Structures are given as C-alpha cells and as structure tokens.
Amino acid sequence: MYWRKNDMDVKELIADAIIAAARQAMAEGVLAQVELPKVMLEVPPQKEFGDFATNFAMQLARQAKTNPRQIAEVIAAQLNSQAALDKQHPDALSWLKEAKLAGPGFINFYLRPDWLYDLLTAVLVAGDKYGQTRTGGGEKIQVEFVSANPTGPLHVGHGRGAAVGSALTNLLRAAGYDVQAEYYINDAGNQIENLAASVNARYLELMGQEVVFPENGYHGRDIIDTAQRIVDHSGEKYLAMSPDERLASFKELALAEKLALLKEDLEAFGVTFDVWFSERTLHDKGAIDATCQELKERGYMYEKDGALWLKSSAYGDDKDRVVIRDNGVPTYLAADIAYHRDKFVRGFERLINIWGSDHHGYINRVKAAVAAMGFEADRLEVLILQMVSLYQNGELVKMSKRTGQVVTLKELVEEVGCDAARFFFIMRSLDSQLDFDLDLAKSRSNENPVYYIQYAHARIASIFRQVKEAGIEMPLLENILLNTLTSECEVDLIKKIGEYPEEIALAAKERAPHHIARYTHELAGLFHSFYNQCRIIGVEPEFQAARLALVTAVKNTLRSALGIMGITAPDRM
RNA sequence: GCGCCCGUAGCUCAGGGGAUAGAGCGUCGGCCUCCGGAGCCGAAAGCGCAGGUUCGAUUCCUGCCGGGCGCACCA
C-alpha cells in the first residue's frame, strides 16, 4: 500500500496529500495563489476529531485572505474526491476514510483502521531498531557535560548533569546524530592548588602538627580520607620534603585519586565518556599561547593595565574579559577559549555544553570568543540546567559546599538506586528547578513513576515466561490477525507506540530528554490499562496471538525508551 | 541595578499559536473465583497581574509582582 512505502509514515503521507490538494485547488482557481506553509499534523485532543488533524487552512487564511473554514472545506473536498477515485486504483489515498472540516478551520482525518495494523507490523519488523530516526543526518556533535572539578566528590547537582547529559547523548544517537560524549578535566589552575594545599593541611594535621587551614581550602571529609591514605601508604615520607615539593607531590596524588573516584561514581551511575580531556594538555602544548596569538592577529586582543584582554564586547558580551592576568597567568577563560577552539578543530559541526545555572553568566563570553575566532557562535549550544533541591520528609535538605555539607551522588545512588535517581533527574525539563523527593524516589510502590514503568516491562516479561511454560507457539507475524485488535485500549496502545519515533526526533531536536520520560510513563499507563481490560493468555488463539504481538511491541518500545534514559528494563522485580 | 531561568490543580511538574489545558503525588469513592494489586476505574480542584501582536495567546512581545541563579585579573 502506498502509505507503507519505505521511510514514509502516515503523517508524511497525509501532509503530502494536503499539499497536493492545495496545489490542485489553486490550479483550479478555487484557492488564491499563495506560498504553502509546512503542514502541521497533530493527534487531536478528542477522539471524535479523528486520527489526525491539521490547522493548515488556518495557517493559510492570513495569506490567502480567506475564511479558514472555507479553505478547509475546499481542501477536504479535494482530498475526499481523490480518495474516492483512488479506491478504484488502490494507490494514493486508499488509507483515507474521510477528511472533514471542523471547528474554526481544522481538517480532521479519519483513517481506515488498517493503518494501525500495518504500523504495528512495521514496529515488530523493526524490532530493537524501532524508534531510531535519521533526523540528525549524521551531524557530528560533541556533548560536554559534568566536567566537575576533580577536587571532591560529585554531588547531586552534578548528578542531574550526568543523567541528563548521558540521556541526551543516547537520544541524539537514536535520532541519527554522530555523537561524542566528553568530560573536561579542570586539572590546572587555582582549584587544584587549593586541593593540594587542603590535602597538605590535613596531612600535617594527621602528623600532629598545628596548621591553619587554607582560606579557600576544601573542607570535605574526602580530603581527610585522602590524607589518611597518604599517611597509611607513606607515613612520614612527605614531612622531609620542602613545602613546595610536598605540595607538588600531593597535587599529583590527589588529582589521580579524585579522577579515579569521579570515574567510579559516574560509572556506577551508568555514565561513561568517550573522551576525558585534560585542561593541562592545553597549557602544556602551548594551545593557549597559540589561541591568544590567533586572536591577536584577528584583532580581538588588546593590552590594558598589564593584562591581556579579549574584546568580547564586540560580540555581545557585557564587557571585555581578561585572558592573561597582569602576573602572566592565564585565566580560566583563556583555557576555555583554547578548549573550544580545539573542539572545532577536531571537526565537530556542533558543540553542546551542559552547564549548571550558576555558570550561565559565562555563556556570552565563551560564545563571543568562539565568534572572535571565526566560528559561528550558533554552532555552540549551551544548555543550562537549573538547580536541584533535595527534599526528605517534606523538608528541604540543607547543603553547603563551603563547609563540605553536601549529599554526594554516590550517597544518593546508594539511597534511592541508580534507576530511580536517573529518572527523577531526567523527568523534568532542563529549565525547571528540580525538587527531588527522596521519599518518593525510594518508595517501592505505585507512587514511584520509575517502578510504574519498569513494572509494565516486567509484567510483559512475565507473560512471556508463562507463554513459554505453557508451550504456546507463536505464529509467524504474517499469519497473525492484527486486525482483531479493535478495542479502544488496544487501538490507543498501538497509536502511542506509533508516536515513539517522532517523540525521539522532537526530544532530540529540542535537546529535551524529559519528553522521553513523559512518553514512557504514558505508554506504561496505556499498557496497564489495557492489561486490566484484556486478557492475553487463554483467549481465542487468534486474539491471543494478536495481543502477544501487541505486548511484544510495547515491551520493545519500553526497553528502547528506558535504554535512552539509561534505566534498566527488568524482566522481574 | 543589569542578565538568565521559573510562576499552570493543595504539592511536584507536562503542555512544538488553535477545538472541552494534561499527568504524578495528596484527598475522596469504587475494583481481586481471572496472565504480577509495584495494577485498574471514577471524583473534586488550576494558567501570578496588566497591556500588546493575532481570526485565535497558557504558549509570542512589553511592563509589573513573586521565587531561583549569576554579575572577578575565582572556577
């Protein structure tokens, strides 16, 4: 059938038919000659409005200077007569039962139910690949996320970045982008010196010396642990060194340890990176000097008060920024500029950075730097993630980074589990501040949306265990009478499964993984509803086979969507 | 003061300019001789305020009010 042609989904076919009908109407002079807008098709809010609807006529009304209802009438009539013709030549519009004018100028499409069964067949044939699209067109994208300083454990805020970043990476891959996940290690600069000084202070304390803790030091318990490990391993060895030597040694030791812990925590959270990029290599390889030189040559650097400044205000930043301090030490921005240059040089067409909202003021200067280097600033997308607050027993869990009073990602994962933590981080839009309800995330009950979704998957797995035990044989797909799936809950389920590819395409385009969380929850909901209304095992063989085919498609789709979020799809719970 | 994000049901949040604004939690009321009750069915309850653009605004724009986060030669 025409609408099952490769790579064509029913919406595209409807859209094409609408365009054709509008052209025909213009050719016949019943519609003014105008440029046609893109056809927007949606699933109408109510079932009486058919399977799909478009506001095409209303979009057209402005330009055509005609009543939208009149335009809709013309196009609908055109489509209906074409459909009637095509019934004799089962090609083009044979899928269309009726196109109908409605409301202020909508055209509602009522389709023959066959489209659902062919959709379901296509889903089953696609198997694990179902949902993957090519909307990304293989664009080379780098996603950089977390990039927390290796000076202490990851906390819950980093957890949101980690969950969202990895989900976005998976999502973009599913949508056909060529994605690389990268972590930028801030292993140079002041914070590393502070780390070394903090470890040094704790070390000396453990060796019984009175010390003044460094002003910008890290107060976390983990620093004491690091110092203790050094004592356990090497005892007094470092006391004999000069302070400078000792600090240098502690710097390397602490850095290596912190980095290893970072990787460990992230892996336990299901997050892996393709590249761990060291800031230090930029300094060591002279990339910062080279970048400054290039910017100088391009005319975007100047000296003032002994420092070297980037003329970032030329590209929309509030003010110019210091790149090399008057003491000759590059600022963090200097390294960041060199880093972004390096990313572009590596051949990425697009860069996505995921930052915490406390860094949003940094966007303009980096984009300005990118532009000053001659790259299109739009090729750098910075996604800002709002803050996370933890709630327990209905109360805010107070945290203070300065005093080391933080809930770490590791603790969170131990407390609520990896799956629940990831889901809670992913389920909100990036723009929304996240109130993380620890009690809800921990509860192993129907209150918890993660379990609700996973339970749907486990239930289906359970059904198939029983199918196997009972020795029920599944007929070949082409022998299953899918058109026995006619009840409302079955039809709803098939339609929802059918929406999956465009959910992926949309979520990827908008860099919004929370759409997948919402979709998965809706799909699970429709399944549970179906499950309560329709028996699967033990009904008439043709119904049984069709329903087993349906739940297979549900199971595959759930597993795929959960996989994008980095959440397991358990067969038992 | 300036910039970014957010104000939608009692609470936490979805809502790509359109037809009767959706979900979870909470509250209230139903459903187990039946494939996993970690489930299902039902009820009450809402777009911060004021303008503007539009045939049509919860959605876009402006102002105000309220909340969060920033405004370094820190990262």
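Chain naming here is simple, since letters A, B, ... match the order of the sequence lines and numbering starts at 1 in each. On a predicted model such as this, the values are computed, not experimentally measured, just so you know.
Of all heavy-atom pairs between A:Ser312 and A:Asp317, the closest is OG-OD2, 3.0 Å. A pairwise comparison of heavy atoms in A:Leu310 and A:Ala372 identifies CD1-CB, 4.5 Å as the closest pair.
Not counting sequence neighbours, the partners of A:Asp284 by the side chain to side chain contact (heavy atoms under 4.5 Å, CB included) test are A:Arg280. Residues satisfying the ring-ring contact (aromatic ring centres under 6.0 Å, His included) criterion with A:Tyr110, sequence neighbours excluded, are absent altogether. Taking A:Phe56 as the reference, nothing meets the ring-ring contact (aromatic ring centres under 6.0 Å, His included) condition, with sequence neighbours excluded. The ring-ring contact (aromatic ring centres under 6.0 Å, His included) test applied to A:Phe436 returns A:Phe424, A:Phe425, not counting sequence neighbours. Residues satisfying the side chain to side chain contact (heavy atoms under 4.5 Å, CB included) criterion with A:Ile363, sequence neighbours excluded, are A:Trp355, A:His360, A:Lys367, A:Val382, A:Ile384. In terms of the side chain to side chain contact (heavy atoms under 4.5 Å, CB included) criterion, residue partners of A:Asn55 (sequence neighbours excluded) are, by chain and number, A:Met40, A:Met58, A:Gln59, A:Phe106. Evaluation of the ring-ring contact (aromatic ring centres under 6.0 Å, His included) rule for A:Tyr531 yields A:Phe527 as partners, not counting sequence neighbours.
Separating the CG atom of A:Leu434 from the C1' atom of B:C11 is a distance of 14 Å, rounded to the nearest angstrom. Remark: C1' of B:G18 and CG of A:Leu41 are 14 Å apart, rounded to the nearest angstrom. Distance, A:Leu506 CG to B:G15 C1': 12 Å, rounded to whole Å. Between the CG atom of A:Leu526 and the C1' atom of B:C41 there is a distance of 14 Å, rounded to whole Å. To the nearest angstrom, C1' of B:A23 lies 11 Å from NZ of A:Lys496. Rounded to a whole Å, the CD1 atom of A:Ile354 is 17 Å from the C1' atom of B:C4. Whole-Å rounding puts the A:Phe423 CZ to B:U12 C1' distance at 13 Å. Taking atom CZ of residue A:Phe56 and atom C1' of nucleotide B:G18, one finds them 16 Å apart after rounding to whole Å.
Which of B:G15, B:C13, B:G18 sits closest to the side chain of A:Asp435 comes down to B:C13. Here B:G16 is the nucleotide among B:U20, B:G16, B:G37 with the atom lying nearest to any side-chain atom of A:Met40. For A:Glu510, taking side-chain heavy atoms from C-beta onward, the closest of the listed nucleotides B:G36, B:A19, B:G16 is B:G16. Closest contact between the side chain of A:Pro104 and the listed nucleotides B:G36, B:A75, B:G18 involves B:G18. Comparing B:C5, B:G36, B:A14 by their nearest atom to the side chain of A:Met573 picks out B:G36. Picking from B:G68, B:G24, B:A14 the nucleotide with the shortest atom distance to the side chain of A:Ser429 gives B:A14. The side chain of A:Asn108 lies closest to B:A19 when the candidates are B:A19, B:C73, B:A75. The side chain of A:Glu48 sits closest to B:U20 out of B:A19, B:C5, B:U20. Across B:A14, B:G18, B:A75, the shortest atom-to-atom separation from the side chain of A:His514 is found for B:A14. When each of B:C73, B:A75, B:G24 is scored by its nearest atom to the side-chain atoms of A:His359, the top-ranked nucleotide is B:A75.
The aromatic rings of A:Trp276 and A:Tyr183 lie parallel to each other, their planes meeting at an angle below 30°, with 60° marking the opposite boundary. Using cut-offs of 30° and 60° for the angle between ring planes, the A:Tyr315 and A:Tyr300 rings count as tilted.
Nucleotides B:A21 and B:C34 are separated by 38 Å at their C1' atoms, to the nearest Å. Across the C1' atoms, B:U20 and B:C64 are found 32 Å apart, a figure rounded to whole Å. When the C1' atom is used for both B:G7 and B:U59, the distance is 14 Å, rounded to whole Å. For the P atoms, the distance linking B:C35 with B:G30 amounts to 24 Å, nearest Å. The P atoms of B:C4 and B:C11 are separated by 28 Å, rounded to the nearest whole Å. Distance check on atom P: B:C61 versus B:G29 gives 45 Å, rounded to whole Å.
A donor-acceptor pair is defined here as one N or O able to donate and one able to accept, closer than 3.5 Å; such a pair exists between the side chain of A:Ser198 and the backbone of A:Tyr218. Although no hydrogens or angles enter the test, the distance criterion places a donor-acceptor pair under 3.5 Å between the side chain of A:Asp187 and the main chain of A:Glu279. Checked by atom type and distance alone, the side chain of A:Asn108 never pairs as donor or acceptor with a backbone atom of A:Gly50 at under 3.5 Å. Side-chain atoms of A:Asp419 never come within 3.5 Å of backbone atoms of A:Ile567 as a donor-acceptor pair (strictly under, hydrogens ignored).
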Between protein and nucleotides 6-8 of chain B, what N or O pairs are separated by less than 3.5 Å?
from: B:C6; atom 1: OP1; to: A:Asp431; atom 2: OD2; distance (Å): 3.3

Under 3.5 Å between N/O atoms: give me all the protein pairs with nucleotides 32-35 of chain B, atom names plus distance.
from: B:C34; atom 1: O2'; to: A:Arg535; atom 2: NH1; distance (Å): 2.1
from: B:C35; atom 1: O4'; to: A:Arg535; atom 2: NH1; distance (Å): 3.4
from: B:C35; atom 1: O4'; to: A:Arg535; atom 2: NH2; distance (Å): 3.0
from: B:C35; atom 1: O3'; to: A:Gln466; atom 2: OE1; distance (Å): 3.3
from: B:C35; atom 1: O3'; to: A:Gln466; atom 2: NE2; distance (Å): 3.2
from: B:C35; atom 1: O2'; to: A:Gln466; atom 2: OE1; distance (Å): 2.8
from: B:C35; atom 1: O2'; to: A:Gln466; atom 2: NE2; distance (Å): 2.6
from: B:C35; atom 1: O2; to: A:Ile536; atom 2: N; distance (Å): 3.4
from: B:C35; atom 1: O2; to: A:Ile537; atom 2: N; distance (Å): 2.9
from: B:C35; atom 1: N3; to: A:Ile536; atom 2: N; distance (Å): 3.0
from: B:C35; atom 1: N4; to: A:Tyr531; atom 2: O; distance (Å): 2.5
from: B:C35; atom 1: N4; to: A:Cys534; atom 2: O; distance (Å): 2.7

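Phosphate proximity of B:C40 to A:Tyr452: present, with a side-chain N or O under 4.0 Å from OP1 or OP2.
With hydrogens and angles ignored, no donor-acceptor pair closer than 3.5 Å exists between the side chain of A:Asp358 and the base of B:G70.
For RNA chain B, the residues of residues 314-323 of chain A within the heavy-atom distance limit of 4.0 Å (strictly under) are A:Lys319, A:Val322, sorted by number.
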Give every donor-acceptor pair under 3.5 Å between a side-chain atom in residues 331-339 of chain A and any protein atom, sequence neighbours left out.
from: A:Thr331; atom 1: OG1; to: A:Val322; atom 2: O; distance (Å): 3.1
from: A:Thr331; atom 1: OG1; to: A:Val323; atom 2: O; distance (Å): 3.2
from: A:Thr331; atom 1: OG1; to: A:Leu333; atom 2: N; distance (Å): 3.3
from: A:Thr331; atom 1: OG1; to: A:Ala334; atom 2: N; distance (Å): 3.4
from: A:Tyr332; atom 1: OH; to: A:Asn186; atom 2: ND2; distance (Å): 3.4
from: A:Tyr339; atom 1: OH; to: A:Glu182; atom 2: OE2; distance (Å): 2.7

How is the base pairing of RNA chain B summarised as a dot-bracket string, given the Watson-Crick and G-U wobble criteria with both distances under 3.5 Å, [ ] for crossing and | for another strand? (((((((..((((....[...)))).(((((.......)))))....(((((..]....))))))))))))....
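Glycosidic conformation of B:C6: anti, with the torsion beyond 90° of 0.
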